[in-house]
Amino acid sequence: ILLVNEQPERRDLNAFKISFTAARPTLAQPLPSRLTSLFIEANLTTRTDQARNTTTFLAAQLADVERQLSEQERRLRDFKMEHLGELPEQEAGNLAILSGMQAQLQNTTANLSRAQQQQVYFESLLRSYRDLARKGITSPGVDGLKSNPLRTAQGDLAKLEVELDALTQRYTAQHPEVVRVEREIARKKKQIEALKSTEVPAETDSAEAASISSGDQEDTAMAQLKSQIQANRLEIESLAKDEKRLKSSVAEYQARLNSTPIREQQLSEVLRDYDLLKKHYADLL
């Protein structure tokens, strides 16, 4: 006789009771062992199936997370390539480069300003030489006038007056260079007055030769000044190009630094998703 009691009064328990009564002990003895073996075998089969299903499920989950992790790695790589130069780890390098470029730009701007001022000075000097030539006064720096001290002194005076005119356009009357040139002009005027009082008329042929020589050297001096003006103009063009290039580079690196906080926030979001997937992958593995 086999009785099964499912204990209906305790519905929350997943258990049951089995009792067996036999006529002889030899008949009752094998039954509990057989029942126990059957329960154990059934339990092992169930647990094996559960383990197999769990392993299959975890393997599928692992493959899916591995695919997501690869996709996230590609996204992170593409983000860094797309915003190369604006990443947080490049901020210190960008600051150093920007500082160096700003120093170069400052020097270039100063050199350009100096060259432009020099160009104005050269052009003013050339205009003054032309005015002197129209008035029949020999321009300064002519070696052929050394034979005539008075004409040489007059040429030196003209040179000083041209230099003073150029200096007063750039400096005040109290500037040391302006004061020095004015002092030289006063001394040169006294020298000319002294030479006029002791001047001896030169012969006609000597005067004509001096005039021809001074005219040739006048052309040479003008040509040299024009060459200096052309060289100075080329220098200004080169410095202007360098200034434009440096301004563009400074603006580019400034824009990179301005974008760094935004890229840092975007990168943190990408890294957060990447780190979560890595942790999930490690747990599944």
Side-chain angles (χ1 to χ4, degrees), residues 68-130 162-181 222-278:
Q68 295 180 31
L69 187 61
S70 299
E71 178 66 20
Q72 195 68 15
E73 288 176 348
R74 184 195 60 78
R75 180 186 174 193
L76 178 61
R77 182 175 60 253
D78 292 345
F79 179 85
K80 289 187 175 182
M81 290 299 298
E82 181 181 358
H83 301 291
L84 189 64
E86 301 176 355
L87 301 176
E89 59 267 22
Q90 297 172 320
E91 183 176 11
N94 289 337
L95 281 172
I97 295 174
L98 178 62
S99 177
M101 284 187 173
Q102 286 176 335
Q104 292 181 21
L105 178 60
Q106 185 176 3
N107 292 334
T108 301
T109 302
N111 291 333
L112 178 60
S113 177
R114 175 194 55 78
Q116 289 172 341
Q117 291 178 1
Q118 194 173 26
Q119 183 77 0
V120 172
Y121 171 74
F122 285 154
E123 290 175 351
S124 175
L125 197 62
L126 181 61
R127 287 194 299 269
S128 299
Y129 280 3
R130 288 171 176 169
V162 170
E163 185 177 357
L164 178 63
D165 181 63
L167 288 173
T168 52
Q169 293 180 11
R170 299 170 58 189
Y171 306 114
T172 61
Q174 290 77 26
H175 193 275
E177 285 296 316
V178 176
V179 174
R180 180 188 65 80
V181 174
M222 294 281 284
Q224 291 177 350
L225 184 56
K226 289 178 180 179
S227 177
Q228 288 180 339
I229 291 175
Q230 180 62 23
N232 188 256
R233 184 178 294 112
L234 293 176
E235 182 184 7
I236 290 174
E237 291 177 358
S238 177
L239 289 172
K241 290 180 181 178
D242 291 342
E243 184 185 41
K244 182 178 180 182
R245 175 182 57 81
L246 287 170
K247 283 183 177 180
S248 177
S249 298
V250 167
E252 177 184 353
Y253 277 89
Q254 189 64 56
R256 289 185 181 184
L257 290 172
N258 292 338
S259 300
T260 297
I262 300 175
R263 305 305 174 216
E264 184 176 10
Q265 182 180 0
Q266 294 173 343
L267 181 61
S268 64
E269 295 176 358
V270 176
L271 287 174
R272 181 173 61 249
D273 296 340
Y274 178 72
D275 292 338
L276 288 175
L277 281 173
K278 281 184 67 176

Got a sec, which residues hit salt bridge (Lys or Arg N to Asp or Glu O under 4.0 Å) with Asp78, two or more places apart in sequence or on another chain?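 Partners of Asp78 under the salt bridge (Lys or Arg N to Asp or Glu O under 4.0 Å) test: Arg74.
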How many angstroms lie between atom [atom1] of [X] and atom [atom2] of [Y], to the nearest 0.5 angstrom?
| X | Y | atom1 | atom2 | answer |
| --- | --- | --- | --- | --- |
| Leu69 | Asp275 | CG | CG | 10.0 Å |
| Leu267 | Glu269 | CG | CD | 9.5 Å |
| Leu76 | Tyr274 | CG | OH | 7.0 Å |
| Leu95 | Glu91 | CG | CD | 5.5 Å |

Sort out for me which residue in Gln116, Gln118, Arg114, Gln230 forms a side-chain hydrogen bond (donor to acceptor under 3.5 Å, both in side chains) with Glu235.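 Answer to the side-chain hydrogen bond (donor to acceptor under 3.5 Å, both in side chains) test with Glu235 among Gln116, Gln118, Arg114, Gln230: Arg114.
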Taking everything shown except Gln265 itself, do over 12 heavy atoms lie less than 6.0 Å from its CD?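 Check fails, neighbour count at 12 or below.
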Go through the structure and list residues passing side-chain hydrogen bond (donor to acceptor under 3.5 Å, both in side chains) with [X], not counting sequence neighbours.
| X | value |
| --- | --- |
| Glu86 | Arg263 |
| Glu237 | none |
| Asp242 | none |

Apply side chain to side chain contact (heavy atoms under 4.5 Å, CB included) to Arg233 and Ile229, showing your working. CA-CA 6 Å; Arg233 184 178 294 112; Ile229 291 175; 3.6 Å; yes
Carboxylate-amine/guanidinium proximity below 4.0 Å for Arg77 and Glu73: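 No, Arg77 and Glu73 are not salt-bridged.
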Quick check: do [X] and [Y] have side-chain heavy atoms less than 4.5 Å from each other?
| X | Y | value |
| --- | --- | --- |
| Gln174 | Val179 | no |
| Gln90 | Leu84 | yes |
| Leu112 | Ile236 | yes |
| Asn232 | Gln228 | no |

Between Arg256 and Gly85, what is the shortest heavy-atom contact and its length?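 Closest approach of Arg256 to Gly85: CD-O, 3.4 Å.
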Of the non-hydrogen atoms in Ser249 and Met101, which two are nearest, and what is the gap between them?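 Answer, listing the atom of Ser249 first, then Met101: CB-SD, 3.4 Å.
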Once ring-ring contact (aromatic ring centres under 6.0 Å, His included) is applied, what residue pairs with a partner in residues 82-118 remain, sequence neighbours excluded?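 As it turns out, the ring-ring contact (aromatic ring centres under 6.0 Å, His included) pairs with a partner in residues 82-118, which skip direct neighbours, are Phe79-His83.
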Under the side-chain hydrogen bond (donor to acceptor under 3.5 Å, both in side chains) rule, what pairs show up with a residue in residues 99-113, not counting sequence neighbours?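 Applying side-chain hydrogen bond (donor to acceptor under 3.5 Å, both in side chains) to every pair that reaches into residues 99-113, excluding sequence neighbours, yields Thr109-Glu243.
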Please lay out, stage by stage, how Gln72 and Gln68 fare under the test side chain to side chain contact (heavy atoms under 4.5 Å, CB included). CA-CA 6 Å; Gln72 195 68 15; Gln68 295 180 31; over 6 Å; no
